[in-house]
**Student:** 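Next up is a structure, given as C-alpha cells.
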Amino acid sequence: MAKRGFGPSSAPDAEGRKKITKESFQRGLRIFNYVLPYKYKFIIGLVFLAFSSLTFMIFPYLVGKLVDSSTGNADWFLEDINMISLGLFAIILLQGIFSFFRVYFFAQVSENAVADIRRDLYSKFVWLPIPFFEKRRVGEVTSRITTDVAQVQDIFSITLAELFRQITTFVVGVVIIMWTSIKLSLFMLATFPVLVALAMVFGRKIRALSKKTQDELAHTNIIVEETMQAINTVKAFTNELFEIGRYKTSLNKAVRTAIKGSYYRGAFITFIIVGLFGGIVLVIWYGATLVHQGDIRIGELTSFIIYTVFIGASVGGLGELYGKVQSALGSTERILEILEEKEEPTDKTPRALSELPKLYGNITYKEVAFSYPTRPDVQVLHDINLNIKAGEKIALVGPSGAGKSTIIQLLMRYYDVDSGGITVDGQNIKDISLTTLRGNVGIVPQEVLLFGGTIRENIAYGRPEATEAEIIDAATKANAYMFIQSFPEGLDTLVGERGIKLSGGQRQRIAIARAILKNPSILILDEATSSLDSESEHLIQQAMDELMKDRTTIIIAHRLATIRKVDKILVIDGGEIVEEGSHEVLSLNPEGIYANLLKLQFELT
Ligand SMILES: Nc1ncnc2c1ncn2[C@@H]1O[C@H](COP(=O)(O)OP(=O)(O)OP(=O)(O)O)[C@@H](O)[C@H]1O
C-alpha cells in the first residue's frame with residue numbers, strides 16, 4: 001500500500017527513498033514554493049550560512065600560522081603568537097554569531113513553511129472524497145502529515161545548510177591544500193577520500209541492519225499495544241501466559257538481530273580506527289617527509305592535516321546527506337501527490353446552515369447500480385428503483401451485507417452511482433451542490449462517535465451557529481437534557497478520551513439532538529444493532545419520533561418492532577429490492593423474507 005502511486009520514473013526503496021534523477025529533483029524543487037513567501041529570510045539565512053562556512057575554513061590556516069610562528073618560521077603579516085591566537089578567537093566568535101543568525105533565520109523559514117504544508121495537507125484531507133481514504137490505511141494518511149513533513153522540514157532547516165557547508169568545505173579545502181602543496185594534496189586525495197567512501201558503504205550496511213532491529217522492536221511494540229487494548233479479552237480467556245510467550249519470542253528475535261548488528265558495528269569501529277586514522281598517519285608520514293626535505297613548513301603541514309580531516313568529514317557528510325535528500329525527495333513526492341488529488345466539489349465559502357437552499361425531500365432512485373471503487377468487480381447494488389415522497393417514512397430491512405447502508409451512502413454522494421440516477425426534488429443529485437445536499441440531510445448513525453470536547457460542542461456540531469437556547473431545546477427534545485443536567489458541569493461536561501464516557505444510549509440521544517438542531521428535510525436513522533435496556537430504548541424511540549416529524553425519513557432497521565408504523569418497508573437482499581409494502585401487507589406473505597425475519601425475531605425475543 002505504501003508504494004501506491006509513485007511516479008514511474010524511479011521506484012522508491014523500502015524506506016521510501018527515491019533515486020535522485022533530474023526529473024525527481026525538479027519535481028522535488030516544487031516544494032520550495034512553500035519557501036517563497038519567506039524568501040528574504042531564507043536569503044539572509046543563506047548569507048549567514050556562507051559567512052559561517054567560510055570563517056570556519058580560515059581556522060586551520062590560522063592554526064598553521066600559529067605553529068609556524070611558534071617555531072620561528074613566521075612569514076605572515078601577523079607574526080605574534082598572541083595576535084594570531086586572538087585572531088583565532090575572533091574567528092570562533094564570528095562563527096558562533098553567524099551560526100546563531102543562520103539557525104534563527106532558517107528556523108523562521110522552515111517552521112512557517114512547514115506549518116503551511118501541514119495546513120494545506122490537512123485541508124486537503126478534509127476536502128477529499130471518501131474513496132481516497134478507503135484506498136489507504138489511516139496510518140499511511142497520518143504519516144504524510146507527520147513523518148513526511150518532518151523529512152521536508154529537515155531539508156529546509158538542516159540538510160540544505162549542511163549540504164552547502166560540506167560542499168564549501170570540500171571545494172575551499174581542496175583549493176587551499178593544493179595551494180599549500182600539490183604533491184601532498186595529490187597523495188592525500190588518492191588515499192583518504194577512498195577510505196572515507198569505503199567507510200560510507202560500510203556505514204550504509206550497518207544502517208540497514210539497525211533498521212531491521214528497529215522493525216523487529218516495533219513488532220514487539222505492536223504486541224504490547226494489541227494486548228493492552230484487548231486486555232479484557234486476554235484476561236477473559238486467561239491467556240496471560242500465551243501473550244507473555246508471544247512477546248518473549250518476538251523480543252528474542254529482536255535481540256538476536258541486534259547482537260548480529262553489533263558484530264558489524266564493532267568491525268566498523270575497527271575499520272574507522274585502523275583505516276581512517278591509518279590514512280591520516282599515511283598523510284602525516286608523507287607530510288613529515290616533505291617537511292624534512294624542506295618542501296613545506298611544519299605550520300603548513302599542521303593546517304594541511306586539519307584541512308584533510310575537514311575534507312574527509314565533508315565527504316562522509318555528503319554521503320549521508322545524499323541519503324537524506326533521497327528520503328526527502330520521496331516524502332516531497334508523496335506530499336505533492338496528495339496536494340494534487342481531486343477534492344470533492346463542496347462549497348468552500350463559510351456559510352451558516354440556515355442560508356443553504358432548503359430541499360423538500362422527494363427522493364427517487366432510478367435503475368441505480370453500484371460497485372465500490374475498491375472492489376469494482378463486485379456489484380453491490382443492481383437496479384434499485386424507489387420513490388419516497390417528501391415527509392414519507394420508509395424502512396430498509398434485510399440481511400447483513402444486503403446493501404442497505406450503500407443505498408444511503410449514495411444519497412449522501414459519498415460515492416457516485418455507476419449507472420442510473422438519484423434525484424432529490426426532481427433534480428439529479430449530481431447537479432445539486434454537495435453542500436446543499438448534505439446540509440439538508442441529517443444522520444443518526446449506528447455507532448455514534450463523539451469528538452473530544454464538551455457536550456455543548458458535540459450537539460452544536462449539527463449547526464455551529466446555534467444559540468444556547470436552541471441547543472437546550474434540541475437536547476430536551478432528544479430526551480438528553482435530563483442526563484446532561486445530572487452531570488455537575490452540565491453542557492460543559494467533557495466527553496471523549498479526556499472526559500467522561502457516555503453510554504451507547506446517551507451517545508445516541510446526543511446524536512439525535514445534533515440532528516434536531518440541524519433541522520434537515522431528509523433524515524437517516526441507522527438503528528443501533530446492539531440492544532439497549534428498555535428504559536433507554538423507550539427514551540430513544542420517543543426522541544426519534546420527535547425527530548422524524550415532518551421529515552422524509554429513511555430508517556435502516558435491525559429490530560423490526562420499531563418500524564411497524566412506517567409508510568413503506570423495503571426488503572433488500574443481495575443488492576436488490578425484493579419486497580416492498582407496509583408492515584401489514586408484507587407480514588401476511590408467509591413465503592416472504594420480511595415475514596420470515598419477523599418470525600425469527602419474534603422467536604428470539
Ligand atoms: N466501503 C466499502 N468498500 C467495499 N465494499 C463495501 C464497502 N462497504 C460495504 N461494502 C460491501 O458492500 C456490501 C453491502 O454492504 P452494506 O454495508 O451496504 O450492507 P448492509 O445491508 O448495510 O449491512 P449491515 O446490515 O450489516 O450494516 C457488502 O458485501 C459489503 O461487504
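This is a predicted model, so every value here is computed, not measured. Atoms within each ligand, like the ligands themselves, are counted from 1 in listed order.
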**Student:** How close does the nearest protein non-hydrogen atom get to atom 22 (O) of ligand 1, and which residue and atom is it?
**Tutor:** S405 OG, 2.6 Å
**Student:** Should the heavy atoms of other residues, nucleotides or ligands under 6.0 Å from CZ of F133 be counted, would the total exceed 12?
**Tutor:** yes
**Student:** If the cut-off is 4.0 Å to any non-hydrogen atom of Y415, which atoms of ligand 1 fall inside it?
**Tutor:** 1 (N)
**Student:** Establish, from distance only, whether the side-chain atoms of S521 and N440 form a donor-acceptor pair under 3.5 Å.
**Tutor:** yes
**Student:** Which is it for H219 and E216 under the side-chain hydrogen bond (donor to acceptor under 3.5 Å, both in side chains) test, yes or no, and what are the steps along the way?
**Tutor:** CA-CA 5 Å; H219 186 248; E216 269 163 21; over 6 Å; no
**Student:** Just need the protein heavy atom nearest to atom 18 (O) of ligand 1, so name the residue and atom and give the distance.
**Tutor:** T406 OG1, 2.4 Å
**Student:** Do you know the tightest heavy-atom contact between I384 and G575?
**Tutor:** CD1-O, 3.5 Å
**Student:** Taking the six-membered ring for Trp, are F483 and Y481 closer than 6.0 Å centroid to centroid?
**Tutor:** no
**Student:** May I ask you to check if ligand 1 and K404 share an N or O to N or O distance below 3.5 Å?
**Tutor:** yes
**Student:** Report, in ascending order of atom number, the atoms of ligand 1 lying under 4.0 Å from any heavy atom of E134.
**Tutor:** 1 (N)
**Student:** Report the C-alpha distance between F132 and E341 in whole Å, list the side-chain angles of each, state the deciding distance to 0.1 Å, and finish with yes or no for side-chain contact (heavy atoms from CB on, under 4.5 Å).
**Tutor:** CA-CA 9 Å; F132 171 87; E341 286 277 341; 3.9 Å; yes
**Student:** Specify the protein heavy atom at minimum distance from atom 10 (N) of ligand 1: its residue, its atom name, and the distance to 0.1 Å.
**Tutor:** Y372 CE1, 3.3 Å
**Student:** Quick one: which ligand 1 atoms are inside 4.0 Å of a heavy atom on T374?
**Tutor:** 3 (N), 4 (C)
**Student:** Strictly under 4.0 Å, does any heavy atom of H558 approach an atom of ligand 1?
**Tutor:** yes
**Student:** Quick one: nearest non-hydrogen protein atom to atom 11 (C) of ligand 1, plus distance?
**Tutor:** R375 NH1, 3.8 Å
**Student:** Step by step, work out the side-chain hydrogen bond (donor to acceptor under 3.5 Å, both in side chains) result for Y372 and T406.
**Tutor:** CA-CA 9 Å; Y372 280 98; T406 310; 2.9 Å; yes
**Student:** Give the minimum heavy-atom separation between A474 and A513, together with the two atoms involved.
**Tutor:** CB-O, 3.6 Å
**Student:** Quick one: does F133 get a heavy atom under 4.0 Å from ligand 1?
**Tutor:** no
**Student:** Does ligand 1 have an atom that lies less than 4.0 angstrom from a heavy atom of G403?
**Tutor:** yes
**Student:** Are the side chains of V368 and L386 in contact, using a 4.5 Å heavy-atom criterion?
**Tutor:** no
**Student:** Establish, yes or no, whether a centroid distance under 6.0 Å links the rings of Y594 and H583.
**Tutor:** yes
**Student:** Using a 4.0 Å cut-off to any heavy atom of V380, which atoms of ligand 1 qualify?
**Tutor:** 12 (O), 13 (C), 14 (C)
**Student:** Tell me whether G401 has any N or O atom under 3.5 angstrom from an N or O of ligand 1.
**Tutor:** yes
**Student:** Starting from atom 26 (O) of ligand 1, locate the nearest protein heavy atom and write down its residue, its atom name and how far away it is, to 0.1 Å.
**Tutor:** S400 OG, 2.6 Å
**Student:** Which ligand 1 atoms does A402 reach within 4.0 Å, using its non-hydrogen atoms?
**Tutor:** 19 (O), 20 (P), 21 (O)
